[in-house]
Amino acid sequence: MKRLFALLLLFPSLLLPGMEFSGGLQVSDYGLLKVDNLSLQWCCYTQSWGARMLGAENFKFAPGFPKRTANSLESEGDYLGFRSRIRIAAAGENQLRYSAEFTAESPVVTPRLALIMYYPPGEESSFFVDGKEIKIPAQYKGQQVFQLREVKQLTFLSNGRKVTLSGSFRLLVQDDRKWNIDN
C-alpha cells in the first residue's frame with residue numbers, strides 16, 4: 001500500500017479559540033480551506049496535466065463522514081483511486097492543525113498529487129519561505145516563482161493578516177496567469 005501524508009500547521013491570525021470559523025476562514029466538508037480570497041485544495045493531475053480537484057464531482061464520503069464538532073472536522077472517503085483522510089482541529093489560540101493522508105491499494109497513475117493554493121493576481125506581492133522573501137511580480141514574467149524543494153514554513157498575507165503554513169513539505173510556486181486560470 002502506498003501512502004502520502006501531509007501535515008500542515010496553520011497560524012492564521014483570524015481563527016478564534018474554539019475553532020469558530022470566522023474572519024474569512026471557511027472549511028468545506030471535504031477538508032478544503034478558504035482564507036478570504038485564497039483557497040487551498042487537493043488536486044490530482046492527469047498524465048496530460050489536467051487538474052482533478054477533490055470535491056463533489058470525484059469524491060465519495062465513507063459512511064458516517066464528514067464529522068464536525070465546534071472545533072474539528074474529519075473527512076474520509078474515496079478520491080480517484082485514493083482513500084483520503086483529512087483532519088482539521090483547533091490547536092490552541094489562533095492555530096489550526098491540518099493533516100491529510102492518501103492511501104491506495106493499487107497504483108494510481110498521476111504525475112502529481114498536490115495541495116494547491118490559488119492566490120488572486122493583481123499588484124506585486126510577496127511571500128516568505130523559511131524566512132526568505134520571494135516576490136511575485138504584478139505582471140507575468142515566467143512560470144517558476146519558487147523551485148520545488150523541501151521547506152518548513154510558508155508565510156503570506158491575506159487581507160492584512162499573516163497566515164503561516166508550517167511542517168515539512170515540498171513547495172513549488174508557479175505563476176499560472178499565462179493560462180488565464182481564474183479560480
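A donor-acceptor pair shorter than 3.5 Å cannot be found between the side chains of T164 and S166. Looking only at atom types and distance, the side chain of E150 has a donor-acceptor partner in the side chain of S168 under 3.5 Å away.
The line from CD1 of I116 to OG of S39 is 7.5 Å long, rounded to the nearest 0.5 Å. With rounding to the nearest 0.5 Å, the separation of OG in S28 from CD in Q41 is 8.5 Å. Separation of atoms CZ (F61) and CG (D29) is listed at 5.0 Å; rounding is to 0.5 Å.
L113 is listed as a side-chain neighbour of F102, based on a closest heavy-atom distance under 4.5 Å. Within the 4.5 Å cutoff, side-chain heavy atoms of Q47 are placed close to those of V109. At least one side-chain heavy atom of R112 sits less than 4.5 Å from a side-chain heavy atom of W49. Between L80 and V108, every side-chain heavy-atom pair lies at or beyond the 4.5 Å cut-off. A 4.5 Å side-chain heavy-atom check between R85 and T103 finds at least one atom pair inside the cut-off.
Environment of CZ in R52: sparse, with no more than 12 heavy atoms of neighbouring residues, nucleotides or ligands closer than 6.0 Å. Applying the 6.0 Å contact sphere to CD of E133 captures more than 12 heavy atoms from other residues, nucleotides or ligands.
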Test log, rule side-chain contact (heavy atoms from CB on, under 4.5 Å), inputs L32 and M53: CA-CA 10 Å; L32 310 177; M53 305 304 216; over 6 Å; no
Trace of the side-chain contact (heavy atoms from CB on, under 4.5 Å) decision for F128 with I134: CA-CA 6 Å; F128 293 84; I134 310 293; over 6 Å; no
Pair T155-K162, side-chain contact (heavy atoms from CB on, under 4.5 Å): steps then yes or no: CA-CA 7 Å; T155 303; K162 184 167 89 170; 3.4 Å; yes
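Between I88 and L33, the shortest heavy-atom distance links the atoms CD1-CD2, 4.0 Å. Of all heavy-atom pairs between G31 and I86, the closest is CA-CG2, 4.0 Å. Contact record, D130 with K152: OD1-N, 2.9 Å, taken as the closest heavy-atom pair. For the pair L54 and S84, the tightest heavy-atom approach, listed with the atom from each and the gap, is CD1-OG, 4.0 Å.
Between E76 and R83, at least one side-chain nitrogen of the basic residue sits less than 4.0 Å from a carboxylate oxygen of the acidic one, meeting the salt-bridge criterion.
Following chains of ILVMFWY side-chain contacts shorter than 4.5 Å, one can reach V129 starting from L165, so the two form part of one hydrophobic cluster.
Of the candidates W42, F59, Y79, Y30 forms a ring-ring contact (aromatic ring centres under 6.0 Å, His included) with just one, namely F59.
When atom types are taken as modelled, the side chain of S75 and the backbone of P66 share no donor-acceptor pair closer than 3.5 angstrom.
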